[in-house]
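Order of appearance sets the numbers: ligands from 1, and atoms from 1 within every ligand. Below, each value reflects all heavy atoms present in this structure, side chains not excepted, and no hydrogens, waters or symmetry copies. Numbers here simply count residues along the sequence, with the first being 1.
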Amino acid sequence: MKFYVRTYGCQMNVADSNEMGRHFQARGLVQTENPDEASIFLVNTCTVRQHAEDRAMSEIGRLKRWKMKKPGRKVVVTGCAAERTKEYLEGRFPFLDLVVGAKSIESFSDMATGLLERRETDEDLDYAVPAIDEKISAFVTIMRGCNYSCTYCIVPYVRGREIYHSPEQILGEARDRVSEGAREITLLGQTVNSYRHGEYRFADLLQAVAGVDGLERIRFISPHPFYITDRVIETMATVPEVCESLHLPVQSGSNTMLKTMMRNYTREHYVALVEKMRRAMPGMTLSTDIIVGFPGETEEDFQQTLSLIEELQFDWGFIFKYSTREGTPAAKLESFPEELIEERHQRCLELLDRIASEKRSKLVGSVHEVLIEEGNVGRTRTNHRVYVQGDVKQGDSISVVITNAQRATLEGEIHNGNVTFENFRQEDRRSRSTR
Ligand code: SAM
Ligand code: SF4
């Protein structure tokens with residue numbers, strides 16, 4: 001019996017899909033990339049912006065025909081939109097077999113058992129050996145929910161308040177992923193660095209996960225600027241496994257907007273953090289999330305966002321058009337016409353893309369350690385995707401010289417020299433951390 005998973009939204013959702021997939025696999029189901037072969041179709045939804053929710057809804061609508069094509073087929077809808085609109089979903093799509101909101105993902109195991117026991121026929125019970133997740137780069141969820149109340153954001157409503165997994169559970173999952181072939185682990189949480197468990201803080205967790213045998217790289221997403229403490233920076237800079245790349249959402253360059261968004265930091269605080277991190281990790285890459293067209297954003301506020309992008313020279317980023325989410329405080333504010341939001345979106349994208357492309361072009365000729373993830377594509381420690389020419393295979397960790405940086409995915413060739421910019425830094429950090 002096979003299952004197919006369609007995931008919308010962020011890495012957290014990808015991790016949840018993987019986790020739910022593992023529950024199916026533990027019961028003998030096999031994941032497929034082809035919905036025609038599947039008996040279970042799971043749609044893991046996102047509701048952060050209206051667009052993501054609309055796409056999931058139309059997909060769910062189409063699944064009525066998919067389900068009717070074979071007896072015994074089941075449709076499962078999970079995630080943030082399922083949490084927000086459970087009753088609506090069950091009313092509008094009565095053919096759904098299971099609707100699981102994002103707050104209930106931790107109890108998915110029992111629900112999966114219930115779902116499988118409710119089978120109408122035995123026709124597809126040819127259980128296979130549980131599949132193994134062979135991904136080189138795996139996610140481990142360390143916390144769920146969010147204690148912030150950013151005024152535009154629906155996440156705290158659909159995912160609830162923060163709960164933290166124990167260090168033992170996290171280390172156990174990291175070891176499991178490594179034994180299944182992972183060499184890189186990304187720790188996940190909505191404000192991942194606010195992690196705490198007893199006396200244990202995020203920096204302690206980074207250090208502990210770094211000790212997992214066979215693990216080469218650690219990343220984490222999404223950190224909140226408020227919790228980027230000196231200890232976190234020091235740990236990132238001295239623990240060799242922690243990659244020198246950070247996605248640190250800023251949302252706006254205007255203090256007025258940051259205040260109305262209730263982000264709990266100022267532009268100056270954010271800039272100072274970046275300067276500190278760049279001093280501790282020269283050569284690190286920095287990316288961000290930005291929202292344009294938040295209610296009340298004046299041209300002057302918007303200019304402040306553009307000037308922040310210029311000032312900090314982000315390596316890449318995501319620019320989001322503000323989307324009203326019912327129930328959030330910002331939904332009560334008057335929103336801008338779509339054209340104005342679209343226009344700011346374009347201007348912001350152009351600037352970010354120009355800077356990103358200038359920064360990329362400087363990489364030509366530099367040498368990086370690339371961990372091959374799939375086919376000939378891998379990533380540097382600084383999180384640049386690279387297509388490597390030549391004979392390489394999944395899991396190879398190789399020295400690569402960048403030959404072309406015109407596109408977001410760089411191109412490179414295997415490098416046989418010794419000392420390189422990146423591995424020089426790593427050697428240097430290794431010797432510092434063992435002092
Ligand atoms: N917890 C993370 C943080 O605070 O940085 C981000 C989580 S959210 C799923 C990912 C991004 O979506 C946010 O950083 C923000 O830029 C964007 N976002 C959230 N709500 C939005 C909204 N209502 N409209 C547009 N973008 C939004
Ligand atoms: Fe949403 Fe803010 Fe929490 Fe991030 S920190 S999930 S943007 S409320």
For this session: Do me a favour and list the nearest non-hydrogen protein atom to atom 7 (C) of ligand 1 with residue, atom name and distance?
Result: Gln190 OE1, 3.3 Å
Exercise. Heavy atom under 4.0 Å from ligand 1: found in Ser323's side chain, backbone, both, or neither?
Worked result: both
For this session: Find all atoms of ligand 1 within a distance of less than 4.0 Å from any non-hydrogen atom belonging to Ser222, and give their numbers and elements.
Result: 2 (C)
Seminar exercise, completed: Which of Thr256, Asn255, Val292, Thr260 passes side-chain contact (heavy atoms from CB on, under 4.5 Å) with Asp301? Answer is Thr256
Problem set entry | Region of Arg263 engaging ligand 1 - heavy atom pairs below 4.0 Å | side chain
Exercise. Should Glu244 and Met277 be marked as a side chain to side chain contact (heavy atoms under 4.5 Å, CB included) after you check the CA-CA gap, both sets of side-chain angles, and the distance that decides it?
Worked result: CA-CA 9 Å; Glu244 42 279 1; Met277 285 190 293; over 6 Å; no
Exercise. Do the numbers put Arg55 on top of the ring of Tyr8, so that NZ or CZ is under 6.0 Å from the six-membered ring centre and no more than 45° off the axis?
Worked result: no
For this session: For atom 11 (C) of ligand 1, find the nearest protein heavy atom and state the residue, atom name and distance (0.1 Å precision).
Result: Asp289 OD2, 3.4 Å
Problem set entry | Any Phe108 side-chain heavy atom under 4.5 Å of Leu42 side chain | yes
Exercise. Only one of Arg177, Arg175, Gln169 clears side-chain hydrogen bond (donor to acceptor under 3.5 Å, both in side chains) with Glu173; which?
Worked result: Gln169
Exercise. Ring centres of His384 and Trp316 under 6.0 Å apart?
Worked result: yes
For this session: Distance to 0.1 Å, residue and atom name: give those for the protein heavy atom nearest to atom 25 (C) of ligand 1.
Result: Lys321 O, 3.4 Å
For this session: Classify the ring geometry between Phe318 and Phe320 as parallel (under 30°), tilted (30 to 60°) or perpendicular (over 60°).
Result: parallel
For this session: Heavy-atom contacts with Tyr152 under 4.0 Å: which atoms of ligand 2 show up? List them by number with element.
Result: 7 (S)
Problem set entry | Close approach of Met12 to ligand 1, heavy atoms, under 4.0 angstrom | no
Exercise. In terms of ring plane angle, is the pair His224 and Tyr265 parallel, tilted or perpendicular, where the classes change at 30° and 60°?
Worked result: perpendicular
Seminar exercise, completed: Under 4.0 Å between heavy atoms, the region of Arg325 that gets near ligand 1 turns out to be side chain
Exercise. Based purely on interatomic distance, does His224 place a nitrogen or oxygen under 3.5 Å from a nitrogen or oxygen of ligand 1?
Worked result: no
Problem set entry | Taking atom 26 (N) of ligand 1 as the reference point, the nearest protein heavy atom with its distance | Arg49 NH1, 3.3 Å
Exercise. Considering distance alone, does some N or O of Tyr152 sit under 3.5 Å from an N or O of ligand 1?
Worked result: yes
Problem set entry | Within-2.8 Å protein N/O/S contacts of atom 3 (Fe) of ligand 2 | Cys146 SG
Seminar exercise, completed: Short version for Val48: what comes under 4.0 Å of ligand 1, heavy atoms counted, is both
Problem set entry | Protein residue, atom and distance nearest to atom 5 (O) of ligand 1, heavy-atom basis | Pro249 CG, 2.9 Å
For this session: Mark yes or no: Arg263 above the aromatic ring of Tyr270, with NZ or CZ under 6.0 Å from the six-membered ring centre and no more than 45 degrees from the axis.
Result: no
Exercise. Measuring from the heavy atoms of Gln251, does anything fall under 4.0 Å of ligand 2?
Worked result: no
For this session: Side-chain contact test, heavy atoms from C-beta onward, threshold under 4.5 Å: evaluate it for Arg159 versus Cys146 and give yes or no.
Result: no
For this session: Could you tell me whether Tyr164 and Phe202 have their ring centroids closer than 6.0 angstrom?
Result: no
Exercise. For atom 15 (C) of ligand 1, what's the nearest protein heavy atom and its distance?
Worked result: Gln251 OE1, 3.4 Å
Exercise. Considering only heavy atoms from C-beta outward, does the side chain of Arg231 approach that of Asp204 to under 4.5 Å?
Worked result: yes
Seminar exercise, completed: Out of Arg263, Arg325, Met261, the nearest non-hydrogen contact to atom 4 (Fe) of ligand 2 is supplied by Arg263
For this session: Quick one: closest heavy-atom pair of Pro295 and Leu333, and the distance?
Result: CB-CB, 3.6 Å
Exercise. Which of these passes side-chain hydrogen bond (donor to acceptor under 3.5 Å, both in side chains) with Glu373: Gln394, Arg379, Arg385?
Worked result: Arg379
